[in-house]
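A quick write-up on the structure given underneath.
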Amino acid sequence: MALLDIKNLHARVEETGMNILKGVNLTINPGEVHAIMGPNGSGKSTLASVLAGREDYEVTEGEVLYKGQDLLEMEPDERAREGVFLAFQYPVALPGVSMSNFLKQAVNSMREHRGLDELSAGDFLKLMREKAQLVHLDPSFLRRAVNEGFSGGEKKRNEIFQMAMLDPTLAILDETDSGLDIDALRIVADGVNKMRAPDRAFLVITHYQRLLDYIVPDIVHVMVDGRIVKSGDKTLALELEEKGYDWIREETVAA
Amino acid sequence: MSQTGTDYLHAVAASDYKYGFVTDIEADTAPKGFNEDVIRLISAKKEEPEWMLAWRLKAFRYALSLIEDKSRYPRWAHLTYPDIDFQDISYYSAPNKKPKYESLDEVDPKLLETFERLGISLEEQKRLAGVAVDVVMDSVSVHTTFKEQLAELGIIFCSFGEAVQNHPELVQKYMGSVVPYTDNFYAALNSAVFSDGSFCYIPKGVRCPMELSTYFRINQAGTGQFERTLIIAEEGSYVSYLEGCTAPMRDENQLHAAVVEIIAHKDAEVKYSTIQNWYPGDAEGRGGVYNFVTKRGLCEGDGSKISWTQLETGSAITWKYPSVILKGDHSVGEFYSVAFTKGRQQADTGTKMIHIGKHTKSTIISKGISAGQSQNSYRGLVKINKNAHHARNFSQCDSMLLGDRCGAHTFPYIEINNHTAQVEHEATTTKVGEDQIFYCNQRGISEEDAIKLIVSGFAQEILAKLPMEFAVEARKLLSIELEGSVG
Ligand SMILES: Nc1ncnc2c1ncn2[C@@H]1O[C@H](COP(=O)(O)OP(=O)(O)OP(=O)(O)O)[C@@H](O)[C@H]1O
Ligand SMILES: [Mg+2]
């Protein structure tokens with residue numbers, strides 16, 4: 001069974017009624033890494049947001065099955081507890097809320113959902129230290145408030161760190177590579193690669209083929225104007241890098 | 001005649017009794033009414049010396065003149081409540097020795113649930129709820145060692161009543177020196193009828209080795225309706241003083257008017273922390289406590305420091321401005337406050353920093369959180385006197401609104417009479433952002449827990465200033481208070 005099955009998904013901005021997703025079809029199986037590329041404003045983040053359950057968007061048509069269940073019926077926090085993780089393109093600051101407090105709450109609500117006991121303070125600290133290492137985050141960082149005053153790169157690494165802490169089944173990474181220096185890019189990619197597993201899938205949104213050198217995708221999709229218009233293997237990313245998107249637009253119009 | 005002078009005066013004062021005084025001295029509760037007889041009854045019950053009675057009577061006459069002159073009745077722009085009929089209140093009831101209940105089973109289960117969640121021990125739950133408690137050997141011995149340890153250092157920590165009896169020279173010297181009974185109506189009322197309270201004296205050069213908490217005070221007779229606290233820190237001494245309790249306090253007395261006075265001599269430091277959680281009333285605000293408090297510290301000596309830290313969550317109405325008079329040169333005043341209101345609560349809190357000495361410095365950080373249909377106001381005054389050269393103040397007032405039916409208001413008053421002063425004021429108003437909640441949701445955190453996290457993050461800077469254990473309790477309290485108060 002597919003892990004995620006998106007069929008003919010249409011969504012619009014709740015407030016303005018502007019249509020953004022115009023019939024997205026996408027199937028992701030456990031263990032796979034999918035990449036989505038596409039021009040600015042084509043709807044990539046919107047797709048990620050709709051999957052995570054952001055209320056700014058209204059689904060007008062289509063369906064999304066996650067582990068065979070109707071994902072769109074679930075509340076955002078429920079989806080997260082069921083293993084859907086979104087690494088935000090623009091992570092949000094929570095002034096005064098320490099990273100460790102935030103994650104304790106998150107980890108324990110996940111554990112509760114899975115019928116596990118709360119982690120002891122000691123075990124929790126150990127887990128945090130271990131996962132922080134994965135993305136080379138300094139442990140002192142865990143005492144800081146969530147995303148407050150973090151540099152762009154720190155915010156992105158922090159998203160991957162949280163992903164590692166929460167052990168998701170479907171991880172959606174929205175431009176996690178943008179704003180990272182070369183070293184950080186490699187660190188983040190290494191972190192992701194270490195987490196690749198037969199029962200976990202990734203949906204990686206990116207503008208740069210470079211990331212896909214490190215995180216090698218099984219399938220690359222191109223989104224244009226709210227639709228996935230082309231899919232292929234990792235060589236598609238190379239082709240896009242070289243030629244840009246215009247040829248695909250033309251192809252689509254011609255079709 | 002073997003009578004001493006004081007005894008004689010006492011006898012003379014007591015002789016008035018046979019005229020207007022009709023109340024049975026054995027009665028546990030005074031009849032309703034604000035009159036001279038009641039003042040004499042209170043003083044007699046407490047076997048007070050004549051000077052104490054005389055002081056009460058002066059305060060009484062002043063308070064009465066204000067009640068009778070409606071134009072001087074204290075009213076504030078952002079508090080609305082019916083005028084209180086001061087003649088319809090009983091001003092004295094004996095310390096409640098008889099337990100209200102025989103066992104915990106008789107106590108409101110909701111109250112017990114809250115105790116449970118605050119992590120309050122069973123014995124303590126009984127004490128707080130007014131259930132009969134067996135004599136706990138353990139706590140008695142804790143109290144004894146505690147008292148011995150303080151006595152060795154010359155620290156006096158006792159009830160106000162005991163201080164009147166045993167340390168009259170200190171009480172006479174300092175009582176009313178910071179908050180004179182003429183200060184405001186509620187200070188006058190308290191001075192006339194105060195039931196009891198705490199007294200604390202730290203001798204020269206002594207650093208009090210433990211947090212002094214009213215909670216540990218021996219002979220505590222429950223938190224009174226008209227409490228009075230006096231803290232004196234001699235030269236170079238230090239004390240951290242805690243008042244209040246996170247446990248919800250119900251009280252059949254609706255009107256509360258406390259007075260707290262602090263005196264810090266040269267290079268002394270007093271840190272005063274409080275959590276206030278009086279009954280706020282039902283959903284409509286009925287039956288909640290009206291809490292009118294006058295708290296003021298005097299930085300008497302050079303280099304002295306007084307800081308107030310408070311978490312206010314209770315009461316139907318709170319009117320409270322812990323203040324500091326910065327008289328000594330280089331003295332420091334601080335005010336750190338979190339006020340949370342929900343339902344129909346109204347809070348008007350803030351501070352006054354009066355700079356008199358040179359190079360005096362004050363810091364004000366106030367965080368107001370309003371939910372439901374509550375009104376939360378900050379009212380502050382920073383006054384720099386003519387000779388307060390190089391005085392500095394920094395004020396920051398942040399408000400957070402939960403929902404759109406509540407209100408947050410900021411009234412900063414600044415009076416500067418010396419051009420070398422540096423005064424800075426910042427104010428912000430925020431709402432809990434949808435994107436913040438979504439971010440938390442995406443990490444598996446429910447909406448309610450997300451709001452709790454975000455609000456406690458907002459208050460964190462202040463809560464972190466509370467003494468360790470108190471801070472833990474404060475966080476729990478805030479989180480419980482937030483439950484169901486959003487949306
Ligand atoms: N909440 C919103 N309100 C109004 N317009 C929106 C909203 N969300 C998305 N849009 C619009 O929908 C379009 C798609 O936005 P989206 O963020 O999904 O693009 P994207 O593919 O992620 O672009 P980028 O590569 O720049 O990140 C854009 O035109 C954007 O302005
Ligand atoms: Mg985007």
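What's counted below: heavy atoms across the whole structure, side chains too, no hydrogens, waters or symmetry copies. Here the structure is a predicted model, which means the values were calculated and not measured. Naming: A, B, ... by sequence-line order, numbering from 1 per chain.
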*Ring centroid separation for B:Phe438 and A:Phe88, is it under 6.0 angstrom?*
yes
Applying a strict 4.5 Å limit to non-hydrogen atoms, the region of A:Val146 in contact with chain B is side chain
Residues passing the side chain to side chain donor-acceptor pair (under 3.5 Å) test with B:Thr351, sequence neighbours excluded, are none
Could you pull out every donor-acceptor pair under 3.5 Å between chain B and chain A?
| from | atom 1 | to | atom 2 | distance (Å) |
| --- | --- | --- | --- | --- |
| B:Gln436 | NE2 | A:Ala93 | O | 3.2 |
| B:Tyr439 | OH | A:Asn147 | ND2 | 3.1 |
| B:Tyr439 | OH | A:Glu159 | OE2 | 2.4 |
| B:Tyr439 | OH | A:Gln162 | NE2 | 3.1 |
| B:Gln442 | OE1 | A:Leu86 | N | 2.9 |
| B:Gln442 | NE2 | A:Val84 | O | 2.9 |
| B:Arg443 | NE | A:Gln162 | OE1 | 2.6 |
| B:Arg443 | NH1 | A:Leu86 | O | 2.8 |
| B:Arg443 | NH2 | A:Leu86 | O | 3.3 |
| B:Arg443 | NH2 | A:Glu159 | OE1 | 2.6 |
| B:Arg443 | NH2 | A:Glu159 | OE2 | 3.4 |
| B:Gly444 | O | A:Arg81 | NH1 | 2.8 |
| B:Gly444 | O | A:Ser109 | OG | 2.9 |

Okay, A:Ala52 and chain B: the region with an atom under 4.5 Å from a heavy atom over there is both
If one checks every heavy atom of A:Leu166 against chain B at 4.5 Å, the contacting part turns out to be side chain
Q. In terms of ring plane angle, is the pair B:His409 and B:Phe411 parallel, tilted or perpendicular, where the classes change at 30° and 60°?
A. parallel
| field | B:Ser323 side-chain N/O to B:Lys352 backbone N/O, donor-acceptor pair under 3.5 Å | value | yes
Checking A:Leu65, A:Leu170, A:Leu51 against A:Leu71 for side-chain contact (heavy atoms from CB on, under 4.5 Å), the one that qualifies is A:Leu51
B:Thr274 meets the side chain to side chain donor-acceptor pair (under 3.5 Å) criterion, sequence neighbours left out, with B:Glu243
If you tally heavy-atom pairs under 4.5 Å between each of A:Ala145, A:Pro76, A:Pro91 and chain B, the highest tally belongs to A:Pro76
- When you check the side-chain N and O atoms of B:Glu211 and B:Ser240, is any donor under 3.5 Å from an acceptor? yes
Contacts of B:Glu312 meeting side chain to side chain donor-acceptor pair (under 3.5 Å) (sequence neighbours excluded), chain-then-number -> B:Gln276, B:Lys320
